[in-house]
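Below is one structure, written out as structure tokens; comments come after it.
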Amino acid sequence: MSAVDSIPVRVAAIETVSPFIKTFTLEPTDGGPLPAFSGGSHVVVTMQGRDKNHRNPYSLMSSPYERRFYQISVRREDDGRGGSKFLHGNVRVGDQLFVSPPANLFALNELGRRHILIAGGIGITPFLSQLYELRAQDSDYALHYAYRRADDTAFLDRLAAEHGERAHFYESSQGHYLDPGRILAEQPLGTHVYVCGPEGLIDTVVTRARRLGWPASHIHAEEFAAPPSGRPFTVVLDKSGDELEVGPDDTVLDVLEDNGYAPDCSCRGGVCGECETAVITGEIEHHDDYLSEEVKREHSRMMICVSRAASERVVLDL
């Protein structure tokens with residue numbers, strides 16, 4: 001996201017919905033309507049800290065039919081890279097943040113005859129905007145929401161009230177577990193499944209769906225994985241000759257943006273392919289879910305939002 005296409009927003013409200021989750025309502029500072037979006041979209045939120053800027057993707061959970069504000073819900077991750085902790089601990093009502101235009105890598109399939117939504121924990125957030133669309137279109141759908149404890153989980157009462165028998169809840173601390181195989185085996189032809197949550201849940205749903213013969217085009221998954229930390233390295237930009245240091249908790253993308261560059265990017269989680277960059281020299285420690293295993297072995301391309309250098313230096317075609 002460059003400074004040109006970033007949207008300044010004001011924090012209009014902050015609601016604590018569980019001990020670890022807060023909902024932030026963001027309004028445009030110019031008072032005009034925000035860009036339109038569809039259910040499942042996300043924005044990248046830029047938070048300007050004293051010593052470091054944080055840029056994190058968050059799913060939009062507000063109604064796609066409401067453009068006066070956006071809403072995001074953020075779970076505080078104490079072991080993360082600092083963005084969620086900054087939002088929870090430093091951001092106040094009235095503060096200014098910046099968001100990217102919405103992007104959607106997790107849209108509902110308009111041709112689906114039935115839609116099965118499977119959420120784990122904070123993975124419920126992209127489904128909240130999708131549920132507005134499903135209800136408005138009188139679609140055939142069901143929500144399956146798995147979580148550890150009710151007192152540490154958001155939106156249960158709201159979902160139960162708004163969706164009735166279409167909403168199914170699984171509280172593992174009470175011995176209630178979601179069974180993806182059973183859910184998927186019961187669906188009619190033309191059904192699409194969508195899953196968002198922990199990596200283990202996503203892997204299980206996708207694997208079970210494939211074993212049951214579901215077409216790949218009917219299986220949809222979204223996961224925003226935090227880029228891993230690692231040892232520092234130097235990134236060299238071949239076209240300009242600039243040499244930039246990437247710290248243990250930085251990404252190449254972060255460092256480029258902090259130095260005035262504006263590479264193409266969208267998900268910041270290694271899944272969309274927007275930030276794919278050619279590697280001239282150096283070895284890469286790949287952490288994305290986009291590049292093929294063959295390309296990864298060649299060390300010829302790099303997703304600069306999540307991957308790191310395995311060598312002390314890497315030269316990029318930038």
Side-chain angles (χ1 to χ4, degrees), residues 15 17-18 21 23 37-42 58-66 70-73 75 104-198 200-202 204-209 212-215 217-223:
E15 178 186 3
V17 294
S18 86
I21 300 173
T23 294
F37 70 96
S38 54
S41 295
H42 72 273
Y58 294 108
S59 297
L60 291 173
M61 53 169 284
S62 45
S63 170
Y65 308 109
E66 172 60 78
Y70 290 156
Q71 285 185 318
I72 60 172
S73 280
R75 181 178 179 86
N104 200 340
L105 306 174
F106 195 52
L108 293 168
N109 188 292
E110 296 180 356
L111 300 179
R113 297 176 59 187
R114 178 169 167 79
H115 305 272
I116 300 300
L117 317 181
I118 299 179
I122 196 63
I124 188 65
T125 52
F127 295 128
L128 296 174
S129 61
Q130 290 182 343
L131 287 165
Y132 283 108
E133 291 182 334
L134 291 169
R135 292 181 70 191
Q137 297 164 9
D138 196 25
S139 299
D140 185 7
Y141 70 92
L143 169 68
H144 297 268
Y145 185 13
Y147 48 88
R148 292 181 181 176
R149 297 184 306 275
D151 58 3
D152 185 28
T153 303
F155 316 117
L156 294 179
D157 292 342
R158 165 182 162 181
L159 290 168
E162 293 179 356
H163 303 283
E165 294 182 354
R166 295 179 183 269
H168 307 270
F169 304 102
Y170 308 85
E171 185 175 356
S172 61
S173 66
Q174 298 298 314
H176 302 141
Y177 297 96
L178 185 150
D179 182 351
R182 180 187 61 78
I183 295 169
L184 296 171
E186 295 174 349
Q187 304 308 320
L189 291 176
T191 301
H192 285 249
V193 63
Y194 310 80
V195 57
C196 184
L201 175 65
I202 292 175
T204 299
V205 171
V206 171
T207 299
R208 295 288 178 83
L212 289 167
W214 283 55
S217 60
H218 289 212
I219 306 169
H220 313 272
E222 179 170 75
E223 178 187 13

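The analysis underlying the following values was restricted to heavy atoms, covering all of them including side chains, and did not include hydrogens, waters or symmetry mates.
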Completion exercise
R166 and S139 have their tightest heavy-atom pair at NH1-O, 3.7 Å
Practice task
Answer whether the closest heavy-atom distance between the side chains of S129 and F106 falls below 4.5 Å.
Solution key: no
Fill in the blank from the handout: Closest heavy-atom pair, A209 versus I219, reported as atoms and distance to 0.1 Å, is CB-CD1, 3.6 Å
Practice task
Verify the neighbour count for atom CZ of R158: are there more than 12 heavy atoms of other residues, nucleotides or ligands below 6.0 Å?
Solution key: yes
Problem - Test log, rule side chain to side chain contact (heavy atoms under 4.5 Å, CB included), inputs T125 and R75 - result: CA-CA 11 Å; T125 52; R75 181 178 179 86; over 6 Å; no
Practice task
Tell me, with the steps shown, if L117 and L134 meet side chain to side chain contact (heavy atoms under 4.5 Å, CB included).
Solution key: CA-CA 11 Å; L117 317 181; L134 291 169; 3.9 Å; yes
Problem - Side-chain heavy atoms of H163 within contact of L131, under 4.5 Å - result: yes
Problem - E165, CD atom: more than 12 neighbouring heavy atoms under 6.0 Å - result: no
Problem - pair L159-L128: side-chain heavy atoms closer than 4.5 Å - result: yes
Exercise for the section: Look at the rings of H218 and H192 and say which category their plane angle falls in: under 30° parallel, 30 to 60° tilted, over 60° perpendicular. Expected result: parallel
Exercise for the section: Give the ring-plane orientation class for H144 versus H168, where under 30° counts as parallel, over 60° as perpendicular and anything between as tilted. Expected result: parallel
Exercise for the section: Kindly indicate whether the side chain of I183, heavy atoms from C-beta on, has any atom under 4.5 Å from the side chain of V205. Expected result: no
Problem - Point-to-point distance, once rounded to the nearest 0.5 Å, from CD of Q71 to OH of Y58 - result: 15.5 Å
Practice task
Decide yes or no for Y194 and N109: does some side-chain heavy atom of the first lie under 4.5 Å from some side-chain heavy atom of the second?
Solution key: yes
Problem - side chain to side chain contact (heavy atoms under 4.5 Å, CB included) assessment of E133 paired with Y65 - result: CA-CA 9 Å; E133 291 182 334; Y65 308 109; 3.8 Å; yes
Problem - Considering all heavy atoms, the nearest A107-Q130 contact - result: C-NE2, 4.2 Å
Exercise for the section: Kindly give the heavy-atom pair with the smallest separation between G123 and C196, and that separation in Å. Expected result: O-CB, 3.5 Å
Exercise for the section: Drop me the distance from T191's OG1 to I116's CD1, to the nearest 0.5 angstrom. Expected result: 6.0 Å
Exercise for the section: Verify the ring-centre separation between F155 and Y145: is it less than 6.0 angstrom? Expected result: no
Practice task
May I ask you to decide if Y132's main-chain N or O and S63's side chain share a donor-acceptor pair within less than 3.5 Å?
Solution key: no
Problem - Spatial distance of atom CD (E171) from atom CG (D151) [nearest 0.5 Å] - result: 7.5 Å
Exercise for the section: May I ask you to test the Y147-L156 pair for a side-chain heavy-atom distance under 4.5 Å? Expected result: yes
Handout entry: Backbone of Y177 reached by a side-chain donor or acceptor of S172 within 3.5 Å
Key = no
Completion exercise
Correct closest heavy-atom pair for S18 and T153 would be CB-N, 4.2 Å
Handout entry: Side chain to side chain, Y141 and R114, heavy atoms closer than 4.5 Å
Key = no
Handout entry: Close side-chain approach of I72 to L60, heavy-atom, < 4.5 Å
Key = yes
Problem - Exercise: identify the closest heavy-atom pair between A185 and L212 - result: N-CD1, 3.8 Å
Practice task
Say whether, by atom type as modelled, one donor and one acceptor occur between the side chain of T207 and the main chain of T204 under 3.5 angstrom.
Solution key: no
Practice task
May I ask you to decide if S73's main-chain N or O and T23's side chain share a donor-acceptor pair within less than 3.5 Å?
Solution key: no
